[in-house]
Amino acid sequence: MRPQKVRDHWSDWQPLAGWQPTPATLAETLDGGQAFRWHGAGDIWTGTWSACVTQLRMREGSLEWRSPVSLQTAVSATLPRYLGLDRDWNALTDSLPWRSDAHLAQCIAAFPGLRILRQPFGETLLGFLCSATKQIVQIKQMVALLAERHGVEIRWNAVSGRVQSASRTPRSTLATPNDDAPPCHQLPTWEELAVIPEKDLRQCLLGFRAKYIHATARFIAARPGWLEETEALPYAAAKARLLELPGVGEKVADCVLLFGAGKLEAFPVDTWVLKSLARRYGLDGWKPAPVAHFGRTHFGPLAGLAQQYLFSWERKFGGGR
DNA sequence: TCAAGACCTTT
DNA sequence: AAGGTCTTG
């Protein structure tokens, strides 16, 4: 008889100092398009990165977290950096040119405490390689399928109290992951992705993106250390290297550097930022490249942070059109 | 140098 | 039409 899979219980809720977002700002930060592995249920957000699983909630205006007991050490060691608690976001936001930019001021007021996440670099790259002409819900679906079908299982073993990885998961027969089930798979690494046939990737609803992910995986797997070196480079050099990857253009490269490497000078120009600059800054008809140049000069060295406020506001309040 | 189209699939 | 990129002409 197979040993029964035992899940340990969750730790007690613990306060998380250094960030007091509104519920709306918390939702926008976790599930507004920076990351694709957070799921909200009631007032609890469940998120996954690397081999970590954690939950967040607001209580009396303060942020609390918990994780499976066996993952607690790993989560407590990485959660602060993931959420950007090691940076002074109030000071960073204050140094944006909101005093001379009424629209930016309005965006900041609408999302008080908005943060830029610092996700694992490789996982960020994978997420945004899935993102071309897709909406957030669909990107989350693709990423969930990649993890469920091709990622190592994250075990929450109460008996051993240790994380046991390296057990390959059986291919799921489900077409879609159960949103109520706790997430229990890591994203596949680039080394793992490199040996997955493109056909199998397409089964994860990736469409033409499967070809990019496959080719990028082969590229990275053939160059040990390439990803880590890229993350460590200054913005311009890191971006030049990311642009070598098939399927990575200006926008994806900037998203990876902003959300996966903490480079606040990255200014991704997607359709929402294009709309924002066209409608609120009079840049109607401008192409992405000139808009990016305008953004960097107008908003300065923290343009990526400004971009996130503009993006969130335009998506939530700007109207479709 | 640049404006279309193609590329997968789903809402 | 959807939070792009790559390839054409």
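In the text below, chain A, chain B and the rest are named by the order of the sequence lines, each starting its count at 1.
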Sugar-phosphate only, base, or nothing, as touched by A:Ile136 at under 4.0 Å among non-hydrogen atoms: base
Residues A:Asp31 and A:Lys140 bridged, charged N to O under 4.0 Å: yes
A:Thr46 side chain to A:Gln55 side chain, donor-acceptor N/O pair below 3.5 angstrom: yes
Check: A:Trp89 and A:Arg115 side chains under 4.5 Å, non-hydrogen atoms: yes
Sugar-phosphate, base or nothing in reach of A:Phe128, heavy atoms under 4.0 Å: nothing
Residues, nucleotides or ligands: over 12 heavy atoms within 6.0 Å of A:Arg202 CZ: yes
Touch class at under 4.0 angstrom, heavy-atom based, for A:Gly127 against every strand present: nothing
Sugar-phosphate, base or nothing in reach of A:Leu129, heavy atoms under 4.0 Å: nothing
Between B:dC8 and C:dT7 - P atom distance, rounded Å: 13 Å
Side-chain donor-acceptor contact under 3.5 Å, A:Ser276 with A:Arg315: no
Flag, side chain of A:Arg87 to backbone of A:Leu92, donor-acceptor distance under 3.5 Å: no
Under 4.0 angstrom between A:Gln138 side-chain N/O and B:dT10 OP1 or OP2: no
Validation row: A:Trp10, A:Val53 side chains within 4.5 angstrom (heavy atoms): yes
Touch class at under 4.0 angstrom, heavy-atom based, for A:Val273 against every strand present: nothing
Per-nucleotide protein contact string for nucleotides 2-7 of chain B, where B marks a base within reach and S marks sugar-phosphate only (heavy atoms under 4.0 Å, - for neither): -S---B
B:dT9 base / A:Lys134 side chain donor-acceptor hit below 3.5 Å: yes
Parallel, tilted or perpendicular: ring planes of A:His298 versus A:Phe294, cut at 30 and 60 degrees: parallel
Pairing pattern in dot-bracket form [Watson-Crick, G-U; both distances under 3.5 Å; | = partner strand] for DNA chain B: .||||||.||.
Closest nucleotide among C:dG3, B:dT10, C:dA2 to the A:Lys275 side chain: C:dA2
Validation row: A:His9, A:Val69 side chains within 4.5 angstrom (heavy atoms): yes
Touch class at under 4.0 angstrom, heavy-atom based, for A:Pro268 against every strand present: nothing
Sugar-phosphate, base or nothing in reach of A:Gly33, heavy atoms under 4.0 Å: base
